[in-house]
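Convention: sequence-line order gives letters A, B, ...; per-chain numbering from 1.
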Amino acid sequence: MHVVTRFAPSPTGALHLGSARTALFNWLFARHHHGTFLLRIEDTDRERSTETSVQAVFDGLKWLNLTWDQEVVFQFSRAAMHVTAAHQLVEKGKAYYCYATPEELDQMRAEAKAKGLPPRYNGLWRNRSPNEAPSGVRPVVRLKMPQQGATHVDDLVQGPVTVSNAQLDDMVLLRSDGTPTYMLSVVVDDHAMGITHVIRGDDHLTNTFRQLQLYEALGWTPPQFAHIPLIHGADGAKLSKRHGAVSVDSYRTLGYLPEAMCNCLLRLGWGHGDDEIIAREQAIAWFDIAHVGKAPARFELARLDHLNAHYMRAIPDAELAERLKPFLAISLNEKQHQRLLKSLPSLKQRTKTLIDLAKMATPYLTEAPLCYTTEALEVLYSPGNRAIIDGIFPLLAASTWTAVALETTLREFTEAKSIGFGKVAQLLRWALTGCKVSPGIFEVLEALGQSESLARLQSACDPKGG
RNA sequence: GUCCCCAUCGUCUAGAGGCCUAGGACCUCGCCCUUUCAAGGCGGCAACACGGGUUCGAAUCCCGUUGGGGACGCCA
């Protein structure tokens, strides 16, 4: 069987983490089975769909490297086909025109609720002739759902689930303006596009029963369903804006790598033994629906941080430098680029995001004289410390510029003067980077190069402040 | 309110009746390494929600309770 999956977001906002995971699972499932992964934009809600949101979906998927096969399908452009399907159902007596007004609907829901029943449409026009239609009311088309029995689904994740048909009311297929609803469009499109597996959030599980009835009425074989649990925030509720950054794009802006994001999303609700770091190819090889859990998972930033730190270290320095560039305040000249490359191996051990890395790399990219913080100035102004710098300066000026030679030079100096090596190293760190924390001091010296290092020491002896 | 789903360390999870005195990872704590901070290494803390069954044996199967979540639109 040739597997065909789809990711079908509605373009009504940024690409949500939960949606991204749904896309990932669909993509992985298709790739694992050498199948096809399709993208369909569900833009039938003309009020809320925006071009910006469509672009956000494209950008997000591309960033995550979730490439889709074939042309993007815009659902609204297929509306005519959906409408035709609805009209056929009316002709066959499987759907009907309903002239109930919004007020009437509100009332019947309120009444049902008062009786302890689920708030549903009561079938007011199910058996009435359109001849009785009130003038001036444009009707909707509703599906005639079975009122007896039950609807059953064998969900790939949720297992067998049955719902009494009494719980289901006659859903709207065509709005009063004649446009198709989501329920109609998904079914017609999934069928037309040959979707074999619908993998989506389990907030759609209850919709599935209605859709199954629609497949039945249309005489089509439904696809297989896999309803994956939602992603929750720290408080255990469905991840939403109030949990903070919730869009894929915001994590890109925050300096996370798509590799880390995908790995993180993958492990939310799916596992493979003790494996934690799972790169793309491995994920394709291992991914299966059978190991998708049924319980919702909470998204925690600490995990993403950890994975991001890992992937930053794993990426080759030249590539990391390229990815870092958008986060740098300045555009690099060749000299700065070389310095960045030299400093990256040790810098990337110390940071979790590209933003952190950019911040920590900055001292390497600027030119002497440095602008020191007051904290730095306090250290540098201290008379004893200035004497030390004065003592070191000529030694460094005469030294060979390799980490090994520099270490020998400095060790000899501290031993001769009986100063703790750590004290000198920390002082040099302040003078050379203006920071309290940096990679090993010899690495710093080497990455900066002799002339820049000496220039900085000089500026440290005559600090301007900043 | 009605229906549906879920339940292993704080978090993500492994676990398909004996391999479980429950494993890994994140977080956290301690130690080692050490010129700072990291990284790395070693170690500690920490969980089968509760109650009944079934079984020689249950984290695993069944029932109930509790707790959580989701869905109930002319949104998707």
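Here Ser164(A) lies out of heavy-atom contact (under 4.0 Å) with every strand. Within the 4.0 angstrom heavy-atom criterion, no nucleotide atom of any strand lies near Arg138(A). Counting non-hydrogen atoms under 4.0 angstrom, Arg109(A) reaches the backbone sugars and phosphates but no base. Within the nucleic acid shown, Gly420(A) has no heavy atom closer than 4.0 Å to any nucleic acid atom. Looking at heavy-atom distances under 4.0 Å, Phe442(A) makes contact with a base. Across all strands shown, Lys115(A) has no heavy atoms under 4.0 Å from either base or sugar-phosphate atoms. Within the nucleic acid shown, Leu230(A) comes within 4.0 Å of sugar-phosphate atoms alone, with no base atom in reach, counting heavy atoms only. In this structure, Met183(A) reaches the bases: a heavy-atom distance under 4.0 Å links it to at least one base atom across the strands shown. Heavy atoms of Glu276(A) sit under 4.0 angstrom from at least one base atom. Contacts of Leu205(A) with the nucleic acid, taken as non-hydrogen atoms under 4.0 Å apart, involve only primed sugar atoms and P, OP1 or OP2. Residue-level contact check: Ala150(A) touches neither bases nor backbone, having no heavy atom under 4.0 Å from any strand. At the heavy-atom level, His204(A) lies under 4.0 Å from base atoms of the strands shown. Base engagement by Pro439(A) is indicated by at least one non-hydrogen atom pair under 4.0 Å involving a base atom.
Checking side-chain atoms of Ser418(A) against main-chain N and O of Thr414(A) turns up no donor-acceptor pair under 3.5 Å.
Across the strands present, rC19(B) finds no partner; the criterion is a Watson-Crick or G-U wobble pair with both atom distances under 3.5 angstrom. The partner of rA7(B), taking Watson-Crick or G-U wobble pairs whose two distances both stay under 3.5 Å, is rU66(B). Taking a pair to require two hydrogen-bonding distances under 3.5 Å in either a Watson-Crick or a G-U wobble arrangement, rG1(B) pairs with rC72(B). Nucleotide rA47(B): unpaired (no Watson-Crick or G-U wobble partner with both distances less than 3.5 Å). The nucleotide rC27(B) finds no pairing partner, because no Watson-Crick or G-U wobble arrangement with both distances shorter than 3.5 Å includes it.
Between the side chain of Thr181(A) and the base of rC74(B) there is no donor-acceptor pair of N/O atoms closer than 3.5 Å. For Arg429(A) and rU35(B), a side-chain-to-base donor-acceptor distance below 3.5 Å is present, hydrogens and geometry of angles not being considered. For Asn207(A) and rA76(B), a side-chain-to-base donor-acceptor distance below 3.5 Å is present, hydrogens and geometry of angles not being considered. For rC37(B), the base has a donor-acceptor partner in the side chain of Arg350(A) [N/O atoms by modelled type, under 3.5 angstrom]. Not a single donor-acceptor contact under 3.5 angstrom links the side-chain atoms of Asp202(A) to the base of rG70(B).
For Lys144(A), the NZ atom sits in a packed shell: over 12 heavy atoms of surrounding residues, nucleotides or ligands are nearer than 6.0 Å. Atom CD of Glu319(A) sits in a crowded spot, with more than 12 heavy atoms from other residues, nucleotides or ligands closer than 6.0 Å.
Along RNA chain B, the nucleotide nearest to Gly236(A) and the one nearest to Ser438(A) differ in position, and the one closer to the 5' end is contacted by Ser438(A). Nearer the 5' end of RNA chain B, as judged by each residue's closest nucleotide, is the contact made by Val161(A), out of Gly440(A) and Val161(A).
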- Query: Can you check ring-ring contact (aromatic ring centres under 6.0 Å, His included) on Phe58(A) and Trp68(A), steps first, answer last?
  - Reply: CA-CA 10 Å; Phe58(A) 293 165; Trp68(A) 57 92; 5.6 Å; yes
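Straight-line distance between the C1' atoms of rU8(B) and rA14(B): roughly 10 Å, to the nearest whole Å. To the nearest whole angstrom, the two P atoms, one in rU66(B) and one in rU28(B), are 38 Å apart. Rounded to whole Å, the C1' atom of rU21(B) lies 16 Å from the corresponding atom of rA46(B). When the C1' atom is used for both rC62(B) and rG17(B), the distance is 14 Å, rounded to whole Å. Comparing rC19(B) with rG15(B), their C1' atoms are spaced 11 Å from each other, to the whole Å. Separating the C1' atom of rG70(B) from that of rC61(B) is a span of 26 Å, rounded to the nearest Å. As rounded to the nearest Å, rG10(B) and rA22(B) have P atoms that lie 15 Å from one another. Separating the C1' atom of rA59(B) from that of rU13(B) is a span of 14 Å, rounded to the nearest Å.
As rounded to whole Å, 6 Å separates atom C1' of rA39(B) from atom CZ of Arg313(A). A straight line from NZ of Lys359(A) to P of rA38(B) spans 16 Å, rounded to a whole angstrom. Atom CG of Leu307(A) is separated from atom P of rU13(B) by 13 Å (rounded to the nearest Å). Taking atom CG of Leu432(A) as the reference point, atom C1' of rU35(B) lies 13 Å away to the nearest angstrom. Rounding to whole angstrom units, CD1 of residue Ile278(A) and C1' of rG24(B) are separated by 12 Å. The distance from atom NZ of Lys352(A) to atom C1' of rC27(B) is 11 Å, rounded to the nearest whole Å. Regarding Arg303(A), its CZ atom lies at a distance of 15 Å from the P atom of rG10(B), rounded to whole Å. To the nearest angstrom, P of rC74(B) lies 19 Å from NE2 of His82(A).
Proximity of Lys348(A) to the phosphate of rA38(B): no side-chain N or O atom is located under 4.0 Å from OP1 or OP2. At least one side-chain nitrogen or oxygen of Lys294(A) sits closer than 4.0 Å to the OP1 or OP2 atom of rC6(B). Side-chain nitrogen and oxygen atoms of Ser185(A) include none within less than 4.0 Å of the OP1 or OP2 phosphate oxygen of rA76(B). Taking 4.0 angstrom as the limit, Arg142(A) places a side-chain polar atom (N or O) nearer than this to OP1 or OP2 of rC74(B).
Look at Arg267(A) and Glu276(A) and you find a salt bridge, because one of the NZ, NE, NH1 or NH2 atoms lies within 4.0 Å of a carboxylate O, short of that distance. Here Arg323(A) pairs with Glu259(A) in a salt bridge; the nearest charged N to carboxylate O distance falls below 4.0 Å. Checked for salt-bridge contact, Glu452(A) and Arg339(A) meet the test: a charged N lies under 4.0 Å from a carboxylate O.
Residue Ala297(A) has its side chain nearest to rU13(B) when only rC5(B), rU13(B), rC3(B) are considered. With rG70(B), rA25(B), rC5(B) as the candidates, the nucleotide lying closest to the side chain of Ala237(A) is rG70(B).
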Let me check something: any side-chain donor-acceptor pairs from residues 225-243 of chain A under 3.5 Å, sequence neighbours excluded? List them with distances.
unit_1, atom_1, unit_2, atom_2, d
His227(A), ND1, Asp155(A), OD2, 2.6
His227(A), NE2, Arg200(A), NH1, 3.1
His227(A), NE2, Thr208(A), OG1, 3.0
His232(A), ND1, Gly236(A), O, 2.6
Asp235(A), OD1, Ala237(A), N, 3.1
Asp235(A), OD1, His243(A), NE2, 2.6
Asp235(A), OD2, Arg242(A), NH1, 3.1
Asp235(A), OD2, His243(A), NE2, 3.4
His243(A), ND1, Ser240(A), N, 2.9
His243(A), ND1, Ser240(A), O, 3.3

Solution key, residues 106-114 of chain A side-chain donor-acceptor pairs under 3.5 Å, sequence neighbours excluded:
unit_1, atom_1, unit_2, atom_2, d
Gln107(A), NE2, Glu111(A), OE2, 3.1

